[in-house]
2 protein chains.
Amino acid sequence: MVSTRRRDVIEAAGRLFAERGYHGTSMRDLGRELGLLGSSLYSHVESKQDLLVEVVEEGARLFEESAAGALATTGAAVDRLRALIDGHVGVILDNLDVARTFLNEARVLDPGHRARVLGARDHYEEAFRSVIRQGVEEGSFRSDTDPKTVTILLLSMLNAIERWYHPHGPLGRGDLVERILELTLRGIL
Amino acid sequence: MVSTRRRDVIEAAGRLFAERGYHGTSMRDLGRELGLLGSSLYSHVESKQDLLVEVVEEGARLFEESAAGALATTGAAVDRLRALIDGHVGVILDNLDVARTFLNEARVLDPGHRARVLGARDHYEEAFRSVIRQGVEEGSFRSDTDPKTVTILLLSMLNAIERWYHPHGPLGRGDLVERILELTLRGIL
DNA sequence: CCTACCGATCGGTAGG
DNA sequence: CCTACCGATCGGTAGG
């Protein structure tokens with residue numbers, strides 16, 4: 001059983017790590033966020049690093065689950081690619097702080113945890129590569145498409161959403177998915 | 001006249017800020033990098049913030065000059081867009097530390113400098129939007145192209161290069177420009 | 001969860 | 001550019 005209070009601490013940590021970065025957040029900052037002293041946090045967590053591990057691993061899990069769900073669908077590559085994109089956008093928009101910490105602060109992890117996260121990230125990217133390969137084999141995607149490069153470029157667009165998207169802006173969530181899919185599929189020519 | 005030593009300090013600061021972030025770099029770390037004590041740095045710079053300002057403003061200047069050069073060309077929108085993309089890739093690959101610090105650490109700037117950098121960034125993006133608008137007006141780009149969204153997505157791909165590109169990897173610099181241009185123009189369908 | 005700390009490190013300064 | 005510092009803040013602990 002994980003206490004509610006511990007969950008609260010991890011959630012607030014994700015918020016501050018996302019906003020100011022790991023090194024820009026002190027345990028006293030985090031305590032203030034929760035209405036207690038920095039030293040009191042050690043009743044709930046072992047260390048500051050421990051908090052980062054919890055947040056980043058949650059991010060890794062969310063993305064992994066999203067990819068697994070999308071890959072479980074059968075159908076044309078375009079539809080499976082849409083499912084992957086839709087899932088990725090969903091994870092970011094529904095878990096903004098966790099996603100931002102996962103994307104920007106994983107490098108601060110100790111070597112062991114960092115290696116694990118990099119492995120998970122590579123496994124996640126493989127989901128995109130495999131669906132793009134499927135499209136090429138089906139003949140629905142251009143035959144000179146390089147799955148590796150396209151995956152990196154597509155994920156570049158998806159991951160950057162964290163940096164500019166405003167939930168109350170002109171672009172709805174569904175629009176966003178369609179714009180990215182359309183640019184990737186048809187281009188602007 | 002700016003002393004060579006001051007240039008050295010700023011350059012080393014860019015390297016460490018890019019690698020570990022502003023808050024992850026101490027003045028003593030920076031001194032060690034240059035073979036002197038942290039306190040000795042204050043003969044060359046006023047403060048740690050001052051160093052960040054220098055690096056980020058240099059980044060802003062490099063991008064701005066690149067855009068100005070690309071906009072100075074006349075011709076079809078496709079060619080001008082290629083010039084913009086080529087310039088952006090060039091700035092990142094030739095000034096990796098400065099570009100990374102500009103892209104990731106500008107948020108740490110004091111409000112005044114941060115506002116200036118955000119303004120410069122918006123002006124830079126306007127170069128992309130205007131060329132895309134030109135393409136739509138020419139009829140060479142799809143009429144339902146939204147310059148604003150396409151610019152953000154394109155710059156997402158370009159800015160992320162800093163995160164994954166290896167100069168000695170399989171993808172040459174020219175290849176990289178062509179892949180991004182091709183995906184943006186034609187898509188993979 | 002607070003009180004009362006700890007040693008280490010932070011950005012920065014005075015004086016040479 | 002170093003010596004010798006400064007006060008402030010850091011992550012973390014013992015004991016209640």
Side-chain angles (χ1 to χ4, degrees), chain A residues 1-57 97 101 104-114, chain B residues 1-57 97 101 104-114:
Chain A
M1 190 198 92
V2 183
S3 71
T4 313
R5 208 63 184 128
R6 181 177 162 89
R7 287 300 323 161
D8 291 345
V9 174
I10 294 169
E11 193 195 313
R15 202 159 55 238
L16 295 194
F17 292 165
E19 254 172 43
R20 319 174 188 176
Y22 179 78
H23 287 307
T25 304
S26 74
M27 291 300 272
R28 284 161 179 85
D29 289 339
L30 182 53
R32 201 174 305 121
E33 192 79 2
L34 293 156
L36 39 86
L37 296 178
S39 58
S40 302
L41 297 169
Y42 291 91
S43 308
H44 304 103
V45 293
E46 286 179 10
S47 66
K48 192 184 171 189
Q49 262 282 327
D50 180 36
L51 279 169
L52 181 62
V53 168
E54 291 280 359
V55 177
V56 172
E57 300 256 289
D97 298 323
T101 301
N104 299 319
E105 304 299 322
R107 61 174 178 177
V108 186
L109 286 172
D110 59 284
H113 285 101
R114 189 170 57 235
Chain B
M1 190 198 89
V2 183
S3 73
T4 312
R5 210 63 184 127
R6 182 177 159 88
R7 287 299 324 160
D8 291 344
V9 174
I10 294 169
E11 193 196 313
R15 203 159 54 238
L16 295 193
F17 292 166
E19 253 172 43
R20 321 175 186 174
Y22 179 79
H23 287 307
T25 303
S26 75
M27 291 301 272
R28 284 161 179 84
D29 290 339
L30 181 54
R32 201 174 305 121
E33 192 78 2
L34 292 157
L36 39 86
L37 296 177
S39 59
S40 302
L41 297 169
Y42 291 91
S43 308
H44 305 102
V45 294
E46 286 179 10
S47 66
K48 192 184 171 189
Q49 262 284 324
D50 179 37
L51 279 168
L52 181 63
V53 169
E54 291 282 359
V55 177
V56 172
E57 300 256 288
D97 297 325
T101 301
N104 299 319
E105 304 299 322
R107 62 173 178 177
V108 185
L109 287 171
D110 58 285
H113 286 101
R114 189 170 57 236

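Letters A, B, ... mirror the listed sequences (proteins, then strands); counts begin at 1. Values in this document were obtained by computation on a predicted structure and should not be read as measured data.
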> So which pairs with a foot in residues 23-46 of chain B pass ring-ring contact (aromatic ring centres under 6.0 Å, His included), sequence neighbours left out?
Replying inline: none
> Given dG11(D), dC1(C), dC1(D), which nucleotide is nearest the side-chain atoms of H44(A)?
Replying inline: dC1(C)
> With sequence neighbours left out, what residues match D29(B) under salt bridge (charged side-chain N to carboxylate O under 4.0 Å, His left out)?
Replying inline: R20(B), R32(B)
> In whole Å, what is the span from the CD atom of Q49(B) to the P atom of dC10(C)?
Replying inline: 17 Å
> Which nucleotide in the list dC2(C), dG12(C), dC2(D) gets nearest to the side chain of L36(A)?
Replying inline: dC2(C)
>> Can you list everything that forms a side-chain hydrogen bond (donor to acceptor under 3.5 Å, both in side chains) with R114(A)? Sequence neighbours excluded, please.
In response: none
> With pairs taken as Watson-Crick or G-U wobble and both distances under 3.5 angstrom, which stems of at least three consecutive pairs involve DNA chain C?
Replying inline: C:1-16 with D:1-16
>> Going by side-chain hydrogen bond (donor to acceptor under 3.5 Å, both in side chains), name the residues that satisfy it together with R6(A), two or more places apart in sequence or in a different chain.
In response: E54(A)
>> Run the side-chain hydrogen bond (donor to acceptor under 3.5 Å, both in side chains) test against H113(B) and tell me which residues pass, sequence neighbours left out.
In response: D110(B)
> Looking at residues 13-28 of chain B, who's got a heavy atom less than 4.0 Å off DNA chain D?
Replying inline: none
> Do you know which of I10(A), D97(A), L16(A) makes side-chain contact (heavy atoms from CB on, under 4.5 Å) with V55(A)?
Replying inline: I10(A)
Check the interface with nucleotides 13-16 of chain D: list each N/O to N/O pair with the protein under 3.5 Å, or write none.
none

> Among pairs that include at least one residue of residues 7-16 of chain B, which meet salt bridge (Lys or Arg N to Asp or Glu O under 4.0 Å), considering only residues two or more places apart or in two chains?
Replying inline: R5(B)-D8(B), R7(B)-E58(B), E11(B)-R15(B), R15(B)-E33(B)
>> Going by the rule salt bridge (charged side-chain N to carboxylate O under 4.0 Å, His left out), which residues pair with R107(A) if we only count those two or more places apart in sequence or in a different chain?
In response: E105(B)
>> S43(B): which residues meet the side chain to side chain contact (heavy atoms under 4.5 Å, CB included) condition with it, sequence neighbours left out?
In response: none
>> Using whole Å, what does the distance between atom C1' of nucleotide dG11(D) and atom CG of L52(A) come to?
In response: 15 Å
> Can you name the residues that form a side-chain hydrogen bond (donor to acceptor under 3.5 Å, both in side chains) with E57(A), not counting sequence neighbours?
Replying inline: R116(A)
